[in-house]
Amino acid sequence: MESVINMALLVFLAGTAFAILRRTTLFSVVMLSGVFSLVSAALLVHLDAVDVAFTEAAVGAGVSTVLMLSTLALTARHEAPGTRSRAIPLIVVFLTGLALVYGTLDMPRFGDPSAPVHQHVAPRYISATAHEIGMPNIVTAVLASYRGFDTLGEVTVIFTAGIAVLLLLAGTIREPTTATKITAMEHHLVLRVVTKVLIGPILLFALYVQFHGDYGPGGGFQAGVIFAAAFIIYALVFGLETAGNALPGRAVRILLALGVLIYSGTGVVSFFFNKNFLDYSVLGATAQAGQHIGIILVEFGVGMTVAAVMVSTFYAFAGQNPPIGDEEW
Amino acid sequence: MEFKDAFGLFNYWIVIVLMMTGLYIVVSRGNLVKKIVGLNIFQTSVFLLYISMGKVTGGTAPILTGKPEVFSNPLPHVLILTAIVVGIATTALGLALVVRIKNAYNSIEEDEIQKLDLAAENEVDEPGARP
Amino acid sequence: MIALLVEAASWTFLLLGAFLVLVGALGLVRMPDFYTRLHPAGITDSLGADFILTGLVLQAGFSLVTVKLFLIGAFLFFTSPTSTHAIANAALVAGLKPRHAVVPPRPPEKATQDEEAR
Amino acid sequence: MISAHLPILQVIVPLIAAPLSAFCRRAGVAWYLSLVICAVSFAISIALLIQVLEEGHISYLLGSWAAPWGIEYRVDVVNAFVLMIISGIGTAVLPYARTSIAAEIEPHNQALFYTAYLLCLTGLLGMVITGDAFNAFVFLEISSLSTYALVALGAGTDRRALSAAYTYLVMGTIGATFFVIGIGLVYMMTGTLNMADLAARLQGLEHNRTVLVAFAFIVTGIGLKLALFPMHLWLPNAYAFAPSAVTVFLAATATKAAVYLLLRFLFTVFGIDYHILGLTMTWLFTPLALAAMFAASTVAIFQVELKRMLAYSSVAQIGYMVLGMSFLSVTGLTATIIHLFNHALMKGALFMVLGAIVLRQGAATFNTIRGLGRKMPWTMAAFVTGGLSLIGVPLTVGFVSKWYLVAAALESGRWPLAVLIVLSSLLAVIYVWRVVEAAYLEEPPADSKATEAPLSMLVPTWILIAANIYFGVDAGLTSRIASAGARLLLGVAQ
């Protein structure tokens with residue numbers, strides 16, 4: 001039964017991918033890519049990757065769809081019919097696919113417990129997390145402590161993206177004081193009321209996800225994205241400058257850098273106790289307590305940077321003056 | 001290769017089909033936004049490859065509940081949490097570039113942009129028009 | 001005995017919910033134009049989801065999971081009608097006219113005022 | 001206490017400096033912070049190189065977790081050398097960049113430029129120093145993302161920088177994703193991500209088809225990042241339209257880190273006796289390298305813009321490095337490793353000259369450099385010396401690399417390759433001579449008010465030119481390090 005669900009979701013994903021390939025109206029392409037991310041999130045839950053499914057749904061379906069829609073608002077609606085011949089791309093893609101299928105012949109079968117992946121490094125994580133780090137969610141333990149430096153690299157990646165978008169789009173942002181397209185939402189009474197109702201629970205849920213990461217699916221990334229989603233809804237419905245008063249661009253830029261500093265700061269602290277970088281055991285009375293404190297601090301830094309990057313990217317995209325009026329939409 | 005064997009690999013074959021669809025969209029389409037969507041599909045299907053290699057039949061999510069249980073492999077999940085963020089970072093940067101290209105060229109079709117570049121190049125033969 | 005009853009009840013809710021979602025999906029395909037399609041979309045959102053949620057609540061019994069299911073129910077209760085409203089409003093603003101709408105003939109002078117107003 | 005944490009300080013110092021520089025409102029403060037941080041990281045890399053030359057290799061466990069479970073930094077003579085090149089060039093470019101950036105980038109972007117610059121430096125250093133395969137991917141992405149942003153900043157002067165950056169982003173992301181697929185397949189068969197551990201566990205999987213496909217994907221992915229001949233389409237535009245200071249930094253470091261990553265995966269992870277390695281070298285790398293050397297050099301000859309011309313010449317020089325690698329001999333690898341250093345010096349200096357010309361003339365094309373020999377004597381003299389080094393005239397670093405390449409070709413018994421190497425240098429003579437002829441033998445236009453480049457740009461240029469000559473004359477140190485690295489990679493006794 002389990003593999004039937006698996007197969008169904010995968011075939012559904014393939015269908016969505018082909019639909020994206022064929023559609024030319026960019027709006028439906030973006031919507032279908034949101035569907036693709038959500039279905040892959042469902043499939044990831046089915047494959048026991050709950051943390052990844054949470055992140056894929058929040059980041060893949062949520063934020064990237066919002067960014068793509070705001071790009072469409074600034075650029076074009078339809079894709080011009082392709083003039084170039086489709087032969088070479090087809091050959092290139094077919095050969096790559098063939099090489100990959102050839103590569104799967106010696107792979108361990110799907111779900112085979114005796115595969116080398118489950119024999120060498122992973123068993124230690126599963127067995128040692130209970131006493132070394134004392135945290136139920138093994139994925140967060142590995143993410144923040146065993147391979148904590150990967151996550152620092154990852155926070156730096158999202159920080160780089162934030163800086164890059166600021167570098168590219170900050171120049172053409174109008175001052176938020178002028179009336180922007182978004183404030184045309186005044187007459188949406190229903191939306192304004194419901195948003196006021198929803199923003200509280202969303203922020204509360206983001207904080208819950210942030211600090212619940214040790215015990216269940218959750219953690220810095222998901223919390224940061226949900227936190228940013230609350231501000232994006234607020235900016236969408238109440239206009240960019242009211243959102244600007246709540247969370248000004250300058251503050252976002254400081255939070256952006258502060259998250260990375262918190263994360264690397266937690267790592268540097270262990271230098272003074274003559275331990276290697278990112279060794280949290282020095283932070284608390286016992287090694288395990290130190291790991292707890294270290295992981296909470298590190299996840300907090302991650303959440304701050306991710307939230308700040310998503311909000312500043314949305315401000316950058318929403319602040320551009322859209323050449324296209326409401327009717328053309 | 002009897003049926004049970006092939007069935008075991010069927011999962012990976014469909015993931016490969018998804019990867020190739022994403023790659024094909026990136027390579028063959030000229031619209032810049034469509035290329036970014038294709039890149040997204042290509043990367044999301046690589047995530048599915050990693051996670052489906054970590055799945056153990058009958059295993060549950062790697063969250064300790066005190067009861068001895070078979071867990072799926074947590075390491076691919078950690079790697080993919082990193083790769084998702086790399087994917088969204090690339091998407092955000094790509095979309096910002098598309099907005100800037102639209103401001104500069106007033107088009108987001110690769111062929112039109114190349115035509116404009118060539119026209120600018122041999123028309124005045126100095127290094128490109130002001131934006 | 002009670003467990004059997006609760007199990008049966010939850011399965012009926014789940015099947016009902018699944019059936020309604022199926023009806024909603026078919027409705028989306030069958031309906032002629034945008035506004036009529038909003039109705040089946042509403043079905044999947046409201047009743048379909050609620051039935052599945054109650055089915056799951058019966059499955060979960062008294063535990064934290066039930067509280068979370070109720071939270072999801074409350075969240076859906078607020079968001080799905082609002083999103084349908086928002087979509088319909090956006091379509092109206094963008095000037096999409098219902099296809100089979102019977103527009104009463106406007107008296108001529110009022111029509112001209114509309115033209116000037118636009 | 002500090003010397004125990006040198007490996008991690010090498011990456012953490014620029015990484016922490018990047019967010020700090022994001023706080024600076026004025027470009028001057030951000031520039032000064034970047035200069036201090038780059039100097040510190042250069043000092044760390046020299047200290048690391050000295051420590052490695054004494055002790056062989058250093059292993060640093062991050063978070064004090066043991067090797068295959070936690071992430072491990074392994075520093076040996078090869079990556080210590082590449083670290084020194086990257087941080088050295090990074091430090092030399094900064095004084096140069098101060099005036100060049102002020103002229104070429106919009107004022108509001110100048111402060112954040114240095115944040116992106118520090119992030120690019122962090123990415124390259126982190127990618128080269130790490131001993132963990134997936135960690136290398138993460139830092140490869142950091143350097144790539146910041147490079148796309150830096151190239152796109154060229155839109156201040158020329159809008160084509162945007163489409164160049166977009167193409168670079170798409171090709172770079174496809175390359176990085178191929179690299180991740182390769183790591184995923186290798187991880188699937190061995191269960192570990194630590195490179196040393198991977199090498200040990202791959203021994204038993206000689207004829208495994210999945211490992212073979214993983215090898216192909218890793219080589220293709222890094223080949224795309226490396227701009228190996230058929231996959232180099234993004235490089236000329238990216239280098240031509242990026243701001244001049246960015247082109248100097250990228251031309252001298254970005255491809256070097258990718259060549260190092262290729263060396264590390266080919267020789268440390270898969271190992272010299274991996275059955276496919278010999279075949280790939282003779283039937284794939286050698287022809288591609290030769291094609292790169294000849295095709296790219298001929299295309300360079302017909303270019304109008306000088307920056308694009310030198311970009312094509314970079315593609316040809318990468319061909320030399322890959323050719324050295326394909327001999328699978330100690331001399332061949334020594335040629336590749338030493339050419340990493342020599343090419344960084346050559347291209348760094350030449351692109352600095354072009355940046356000075358762009359500053360004074362607004363553009364570096366054949367009609368804007370007419371008669372500059374008299375107007376900008378020092379800058380054009382630097383170009384001539386750099387050009388001679390590019391050709392490989394004795395007493396310059398270029399000659400040293402060519403010497404090892406030809407020796408490796410003769411040693412492997414394929415003397416026609418040696419002839420081809422010398423022939424391709426003649427192509428370099430043609431396009432260098434075209435510039436020299438335009439600069440010295442033609443009359444400057446009457447109204448040209450070109451003046452000598454400012455001192456802050458001339459001094460770094462001439463430091464690199466001096467290094468070009470010094471390491472050409474006394475190549476003892478660099479060749480000792482390069483051959484030690486080559487023997488280490490091939491597993492030959494020291």
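The structure presented is a predicted model; accordingly, all values stated were derived computationally and were not measured. FYI, side chains are in, hydrogens and waters are out, and symmetry mates aren't considered; it's all heavy atoms of this structure. Chain letters run A, B, ... following the sequence lines, proteins first and then strands; every chain starts at 1.
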Do you know which of [options] has the most heavy-atom pairs with chain D at a distance under 4.5 angstrom?
| options | result |
| --- | --- |
| A:Arg253, A:Gln119, A:His118 | A:Arg253 |
| A:Thr305, A:Val260, A:Ile163 | A:Ile163 |
| A:Ala122, A:Pro116, A:Gly259 | A:Pro116 |

Next item on the list: Determine, step by step, whether D:Leu62 and A:Asn276 satisfy the side-chain contact (heavy atoms from CB on, under 4.5 Å) criterion, reporting the C-alpha distance in whole Å, the side-chain angles of both residues, the deciding distance to 0.1 Å, and the verdict.
Entry: CA-CA 6 Å; D:Leu62 284 162; A:Asn276 282 355; over 6 Å; no

Notebook entry, point to check: Does some side-chain heavy atom of D:Pro243 sit less than 4.5 Å from a side-chain heavy atom of D:Val246?
Noted result: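 Counting from C-beta outward, D:Val246 and D:Pro243 do come under 4.5 Å.
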
Checklist line | Within-4.5 Å side-chain heavy-atom neighbours: D:Thr130 and D:Tyr73 | finding: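 When only atoms from C-beta onward are counted, D:Tyr73 and D:Thr130 do touch, with a gap below 4.5 Å.
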
Item checked: Between D:Ser146 and A:Thr160, a side-chain donor and acceptor under 3.5 Å ->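 No, A:Thr160 and D:Ser146 have no side-chain donor paired with an acceptor closer than 3.5 Å.
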
Checklist line | Between D:Glu104 and D:Thr157, a side-chain donor and acceptor under 3.5 Å | finding: no

Next item on the list: Could you tell me whether a side-chain N or O of A:Asp106 sits under 3.5 Å from a main-chain N or O of D:Thr210, the two making a donor and an acceptor?
Entry: no

Item checked: Best-contacting candidate, D:Leu61, D:Ile71, D:Val138, D:Asn194, against chain A by heavy atom pairs under 4.5 angstrom ->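 Of D:Leu61, D:Ile71, D:Val138, D:Asn194, D:Ile71 has the most heavy-atom pairs under 4.5 Å with chain A.
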
Next item on the list: Go through D:Leu162, D:Asp132, D:Leu185 and name the one with the most non-hydrogen pairs under 4.5 angstrom from chain A.
Entry: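 Of D:Leu162, D:Asp132, D:Leu185, D:Asp132 has the most heavy-atom pairs under 4.5 Å with chain A.
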
Check whether [X] gets within reach of chain D through its side chain, its backbone, both or neither, counting any heavy atom under 4.5 Å.
| X | answer |
| --- | --- |
| A:Val268 | side chain |
| A:Leu168 | side chain |
| A:Ser281 | neither |
| A:Leu258 | both |

Margin query: Looking at every heavy atom in both D:Asn109 and A:Leu166, which two are closest together, and how far apart are they?
Written below: OD1-O, 4.3 Å

